[in-house]
Asks: 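Here it is, the structure, as structure tokens.
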Amino acid sequence: MRWRRADLRGRVNGDLQLRFEHKGLTSHAGLEFVRRYFGMVELSGMLRRELGSVMPRSDFGAPTMVLVILALLISGGRRLRHLLYLDGDPIVLRFCGLRRLPSPRTVGRWLAEFRARHLSRLQWVNSLVAAQAIRQVGVRRLTIDVDGSVVSTGLQVEWAQRGFNPHRRKVPSYYPITAYEAQSGQVLRVQNRPGNVHDGKASLGFLRALLTQIATTLGGGYGLEFRMDGAFFRREIIALLERHGAEYAIKVPFYPWMGLKARVQQTEQWARVNDEVSCAEHRVEPARWGRRLRVVVYRRRVAHETAKNFQLDLFDPSNGHYEYSAVVTNKVINGQALWAFISGRGVHEKIYGELKRGFAFDCVPTMRYAANSAWQLLSVLTFNLMRGFQMATTAERRTATRKRRSLYRFEAIHTLRYLCLHRAGALVRPDGYPTLDVGSAPGVIDRFQRLDRLLKVA
């Protein structure tokens with residue numbers, strides 16, 4: 001790839017005239033590096049092998065249709081109609097291997113043909129991509145965060161139900177659940193669900209499928225540790241994780257039958273965690289569970305009156321106000337290390353934020369449940385591939401911490417688009433072969449030359 005100084009011609013003052021017939025202009029010059037990375041990991045071959053004969057039929061072919069949606073999501077498109085703004089871009093067409101892009105109606109009809117049996121194949125492709133990235137990171141212990149999130153829908157969208165939507169309670173929604181591997185930064189699995197399901201009760205099948213996926217794609221020899229919120233504090237979930245030899249740290253709600261309030265009242269000594277937080281460890285036997293659990297109760301000192309279920313009516317004027325929380329675990333670590341470990345779970349919320357804002361995870365392209373589930377899978381697949389692209393190029397390796405943060409310093413997709421993907425350029429042929437001209441800005445030249453060099457040695 002060669003870089004040429006742009007020849008800028010035009011009037012400095014006054015209005016500029018518009019021309020629309022130039023076929024070599026692109027506003028997604030950086031997408032060429034993503035195409036080269038996809039070729040390096042043989043993504044097209046994987047799509048043809050895994051999806052070619054089992055996906056809904058299309059004149060363009062299922063692997064090509066997947067690449068078209070990947071190009072749309074990487075470019076920042078949030079609606080199928082945004083394909084109209086990509087058509088004619090030579091780098092986008094080169095990325096997809098096409099001379100023209102399918103129309104939004106064509107892509108919408110293809111998505112509408114999806115059924116539940118097709119989703120497992122897309123799920124399998126995402127699991128292969130995630131497993132490849134985990135092997136590249138080289139970790140032997142997987143830290144998995146499991147949680148659900150709300151995706152609001154229209155009133156007539158299939159399988160959308162009113163349920164847990166704290167901001168818009170009367171709006172039907174989906175409630176997808178994801179499993180995020182914290183150290184590699186990969187979303188291992190996603191499953192769409194109606195909005196009225198119970199996050200913990202409905203997750204048992206998801207966890208079984210996740211454990212089977214890990215054993216199939218990564219094999220044995222990996223330690224597993226799970227972090228979950230209070231909705232997953234259920235006897236059958238804890239039993240499932242223990243049967244598979246997995247460690248866990250799960251938030252514990254202050255249910256009356258757990259007797260945690262009385263335990264807190266009887267606690268006389270609290271161990272210091274940091275300047276604001278202290279902890280106390282207890283052995284609790286929930287009624288009818290038939291087992292003893294190790295529960296660590298935390299209290300955080302605050303300077304204001306706290307909401308109900310935080311203060312627990314344990315106010316003492318001499319001690320001040322506290323917010324209480326509890327964690328059940330089978331990990332052999334002290335309360336201070338456990339606090340850092342469970343606090344790392346908050347990164348999962350940031351991942352949901354990037355999926356929704358950056359990869360259109362919260363968009364609902366059709367009225368059909370299976371099609372919308374396929375869209376979520378493609379959104380997660382795009383997220384994982386872009387994380388893999390950064391690991392192969394510009395992401396810096398960093399040290400591990402007790403919070404189990406990602407071992408690479410990833411850039412948000414919005415930053416990546418600004419620095420690389422959305423750079424304007426022109427495809428020219430000065431010596432008879434295609435050359436991408438991206439201008440003479442020093443920052444652009446340095447970034448593009450670095451990407452070019454790193455991809456050659458990857």
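What you see is a predicted model, and the numbers here were worked out from it, not measured in a lab. The figures that follow rest on heavy atoms only: side chains count, while hydrogens, waters and symmetry mates do not. The first residue in the sequence is number 1, and the count goes up from there.
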Asks: Within a 6.0 Å radius of atom CD on Glu42, are there more than 12 heavy atoms belonging to other residues, nucleotides or ligands?
Replies: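 For Glu42, atom CD is not crowded (no more than 12 foreign heavy atoms under 6.0 Å).
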
Asks: Can you tell me how far CD1 of Ile250 sits from CG of Asn330, rounded to the nearest 0.5 angstrom?
Replies: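 If I round to the nearest 0.5 Å, the distance is 8.5 Å.
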
Asks: Can we call the ring centroids of Tyr180 and Tyr352 under 6.0 Å apart?
Replies: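 Between Tyr180 and Tyr352, the centre distance exceeds or equals 6.0 Å.
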
Asks: Any carboxylate oxygen within less than 4.0 angstrom of a Lys/Arg side-chain nitrogen, looking at Asp199 and Arg234?
Replies: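 Salt bridge: no.
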
Asks: Can you find a heavy atom in the side chain of Ile144 that is under 4.5 Å from one in the side chain of Leu210?
Replies: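 With C-beta onward as the side chain, the pair touches.
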
Asks: For Gln191, is there any backbone N or O sitting under 3.5 Å from a side-chain donor or acceptor partner on Gln376?
Replies: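 Not confirmed, Gln376 side chain does not pair with Gln191 backbone.
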
Asks: Identify which one of Glu354, Glu181, Glu411 satisfies the salt bridge (charged side-chain N to carboxylate O under 4.0 Å, His left out) criterion when paired with Arg387.
Replies: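 With Arg387 as partner, Glu354, Glu181, Glu411 yield a single salt bridge (charged side-chain N to carboxylate O under 4.0 Å, His left out), made by Glu354.
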
Asks: Which is it for Ser127 and Arg189 under the side-chain contact (heavy atoms from CB on, under 4.5 Å) test, yes or no, and what are the steps along the way?
Replies: CA-CA 7 Å; Ser127 67; Arg189 192 174 185 86; 5.9 Å; no

Asks: When you compare the side chain of Phe38 with that of Ser44, does any pair of heavy atoms fall below 4.5 Å?
Replies: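 No. Closest side-chain heavy atoms not under 4.5 Å.
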
Asks: Should we say atom OH of Tyr418 is surrounded by more than 12 heavy atoms from elsewhere, each under 6.0 Å from it?
Replies: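 It does not: Tyr418 OH has 12 such atoms or fewer within range.
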
Asks: Counting N and O atoms only, with roles assigned by atom type, does the side chain of Arg417 sit under 3.5 Å from a partner on the main chain of Gly358, one being a donor and the other an acceptor?
Replies: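 Yes; judged by distance alone, with no hydrogens or angles, the pair exists.
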
Asks: Would you mind telling me which of Leu111, Leu381, Ile74, Leu83 makes a side-chain contact (heavy atoms from CB on, under 4.5 Å) with Ile69?
Replies: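 Of the listed residues Leu111, Leu381, Ile74, Leu83, the side-chain contact (heavy atoms from CB on, under 4.5 Å) partner of Ile69 is Leu111.
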
Asks: Is there a side-chain contact between Glu242 and Tyr248 in this structure, where contact means two heavy atoms from C-beta onward sitting under 4.5 Å apart?
Replies: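 Side-chain contact under 4.5 Å: yes.
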
Asks: Could you tell me if the ring centre of Phe448 sits under 6.0 Å from that of Phe33?
Replies: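 Yes, the ring of Phe448 comes within the 6.0 Å limit of the ring of Phe33, centre to centre.
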
Asks: I need the minimum non-hydrogen distance between Ala62 and Pro56, along with the two atoms involved.
Replies: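 Smallest heavy-atom distance, with atoms named: CB-O, 4.2 Å.
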
Asks: With a 4.5 Å cut-off on side-chain heavy atoms, are Ser203 and Phe232 touching?
Replies: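 A side-chain contact exists here, since the closest heavy-atom pair is under 4.5 Å.
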
Asks: Are the side chain of Asn274 and the backbone N or O of Glu276 linked by a donor-acceptor pair below 3.5 Å?
Replies: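 Checked: pair present.
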
Asks: Please round to the nearest 0.5 Å and tell me the distance separating atom CZ of Phe410 and atom CD1 of Ile351.
Replies: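 So the gap between those two atoms works out to 8.5 Å.
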
Asks: Measuring only between side-chain heavy atoms, which start at C-beta, is Met55 closer than 4.5 Å to Val66?
Replies: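 Answer no - side chains too far apart.
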
Asks: Enter the distance from Asn126:CG to Asn384:CG here, rounded to the nearest 0.5 Å.
Replies: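 Here the rounded value is 5.0 Å.
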
Asks: Give me the one residue out of Thr178, Asp147, Asp229 that meets side-chain hydrogen bond (donor to acceptor under 3.5 Å, both in side chains) with His348.
Replies: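 Answer to the side-chain hydrogen bond (donor to acceptor under 3.5 Å, both in side chains) test with His348 among Thr178, Asp147, Asp229: Thr178.
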
Asks: Would you mind listing every salt bridge (Lys or Arg N to Asp or Glu O under 4.0 Å) that reaches into residues 200-213, with sequence neighbours excluded?
Replies: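 Qualifying pairs, neighbours excluded: none.
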
Asks: Given side-chain contact (heavy atoms from CB on, under 4.5 Å), test Trp339 with Val296 step by step and report yes or no.
Replies: CA-CA 9 Å; Trp339 175 261; Val296 182; over 6 Å; no

Asks: Which residue is it: Trp159, Tyr369, Trp375? I am looking for the one with a ring pair (Phe, Tyr, Trp, His ring centres under 6.0 Å) to Tyr174.
Replies: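 Output: one option passes, namely Tyr369.
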
Asks: Below 4.5 Å, heavy atoms only, C-beta onward: do Tyr408 and Gln390 meet side chain to side chain?
Replies: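 They are not in side-chain contact.
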
Asks: Of all heavy-atom pairs between Ile237 and Gly200, which one has the smallest distance, and what is that distance?
Replies: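 Nearest pair, atom of Ile237 first, then Gly200: CD1-O, 3.5 Å.
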
Asks: How close do Gly220 and Arg140 get, counting heavy atoms only, and between which atoms?
Replies: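 Answer, listing the atom of Gly220 first, then Arg140: O-NH2, 3.9 Å.
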
Asks: Going by an N to O cut-off under 4.0 Å, is there a salt bridge joining Arg450 and Asp446?
Replies: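 No, Arg450 and Asp446 are not salt-bridged.
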
Asks: Rounded to the nearest 0.5 Å, how far does CZ of Arg423 lie from CD1 of Ile91?
Replies: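 One gets 13.5 Å once the value is rounded to the nearest 0.5 Å.
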
Asks: Write out all pairs satisfying ring-ring contact (aromatic ring centres under 6.0 Å, His included) with one or both partners inside residues 42-85, taking only residues at least two apart or from two chains.
Replies: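 The answer is none; no pair qualifies.
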
Asks: For Trp110 and Ser58, work out which heavy atoms get closest and say how close.
Replies: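 Trp110 and Ser58 have their closest heavy atoms at CD1-CB, 3.7 Å.
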
Asks: Do the side chain of Ser379 and the main chain of Ala360 share a donor and acceptor less than 3.5 angstrom apart?
Replies: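 Here the side-chain-to-backbone pair does not exist.
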
Asks: For Lys356, I'd like to know if atom NZ has over 12 heavy atoms of other residues, nucleotides or ligands within 6.0 Å.
Replies: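 It does: Lys356 NZ has more than 12 such atoms within range.
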
Asks: Give a yes or no on whether Asp59 atom CG has more than 12 heavy-atom contacts from other residues, nucleotides or ligands under 6.0 Å away.
Replies: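 Result for CG/Asp59: open.
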
Asks: To the nearest 0.5 Å, what is the distance between NE2 (His118) and CG (Leu377)?
Replies: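 Going from NE2 on His118 over to CG on Leu377, the span is 13.5 Å.
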
Asks: Does the pair Lys251 and Ile342 meet the rule for a side-chain contact (heavy atoms from CB on, under 4.5 Å), with working shown?
Replies: CA-CA 8 Å; Lys251 286 292 189 73; Ile342 197 68; 4.0 Å; yes

Asks: Quick one: do the His28 and Asp89 side chains pair a donor with an acceptor below 3.5 Å?
Replies: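 The answer is yes; a qualifying pair exists.
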
Asks: Does any non-hydrogen side-chain atom of Ile238 lie less than 4.5 Å from one of Phe233?
Replies: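 Yes. Closest side-chain heavy atoms under 4.5 Å.
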
Asks: Salt-bridge test for Arg345 and Asp145: reply yes if a basic N is under 4.0 Å from a carboxylate O, no otherwise.
Replies: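 Not counted as a salt bridge, because no side-chain N and carboxylate O are separated by less than 4.0 Å.
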
Asks: Contact between Arg227 and Phe341 at the side-chain level, heavy atoms closer than 4.5 Å - yes or no?
Replies: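 Yes - at least one pair of side-chain heavy atoms lies under 4.5 Å apart.
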
Asks: According to side chain to side chain donor-acceptor pair (under 3.5 Å), does anything in residues 90-105 pair up with another residue at least two apart or in another chain? List the pairs.
Replies: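 Counting only pairs at least two positions apart or across chains, the side chain to side chain donor-acceptor pair (under 3.5 Å) contacts touching residues 90-105 are Glu32-Arg94, Ser103-Thr106.
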
Asks: Walk me through it: do Arg57 and Glu113 pass the test side-chain contact (heavy atoms from CB on, under 4.5 Å)?
Replies: CA-CA 8 Å; Arg57 294 186 178 275; Glu113 293 297 322; over 6 Å; no

Asks: Search all heavy atoms of Met40 against all heavy atoms of Ala392 and return the closest pair with its distance.
Replies: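 Here Met40 and Ala392 meet closest at CE-CB, 4.0 Å.
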
Asks: Going from CD1 on Ile413 to CZ on Phe359, what distance comes out if it is rounded to the nearest 0.5 angstrom?
Replies: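 One gets 4.0 Å once the value is rounded to the nearest 0.5 Å.
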
Asks: Just checking, is any N or O donor in the side chain of Gln161 or Tyr175 under 3.5 Å from an acceptor N or O on the other one?
Replies: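 Checked: Gln161/Tyr175 side chains show no N/O donor-acceptor pair below 3.5 Å.
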
Asks: Distance-only, no hydrogens or angles: does the Arg404 side chain make a donor-acceptor pair with backbone N or O of Gly344 under 3.5 Å?
Replies: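 Looks like no, no N/O pair under 3.5 Å.
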
Asks: So for atom CZ, which belongs to Arg135, do other residues, nucleotides or ligands contribute more than 12 heavy atoms lying within a distance under 6.0 Å?
Replies: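 Yes, the 6.0 Å shell around CZ holds more than 12 heavy atoms from other groups.
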
Asks: Does Lys331 offer a backbone N or O that forms a donor-acceptor pair with the side chain of Glu225 under 3.5 Å?
Replies: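 Checking the backbone N and O of Lys331 against the side chain of Glu225, no donor-acceptor pair under 3.5 Å is found.
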
Asks: Please check if the side chain of Asn372 supplies one atom and the backbone of Thr366 the other of a donor-acceptor pair under 3.5 Å.
Replies: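 Side chain of Asn372 to backbone of Thr366, a donor-acceptor pair under 3.5 Å: yes, one is there.
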
Asks: Whether the side chain of His422 engages the backbone of Ser27 through a donor-acceptor N/O pair (distance < 3.5 Å, no angle test) should be reported.
Replies: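 A pair under 3.5 Å: no.
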
Asks: Does a side chain donor of either Ser406 or Arg398 reach within less than 3.5 Å of an acceptor in the other side chain?
Replies: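 Side-chain D/A pair, Ser406 to Arg398: present.
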
Asks: Any donor-acceptor pair under 3.5 Å linking the side chain of Asp437 with the backbone of Ala426?
Replies: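 No: the side chain of Asp437 does not pair with the backbone of Ala426.
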
Asks: Please give me the minimum heavy-atom distance between Ala370 and Ala116, naming the atom from each residue.
Replies: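 So the two residues come closest at CB-N, 4.3 Å.
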
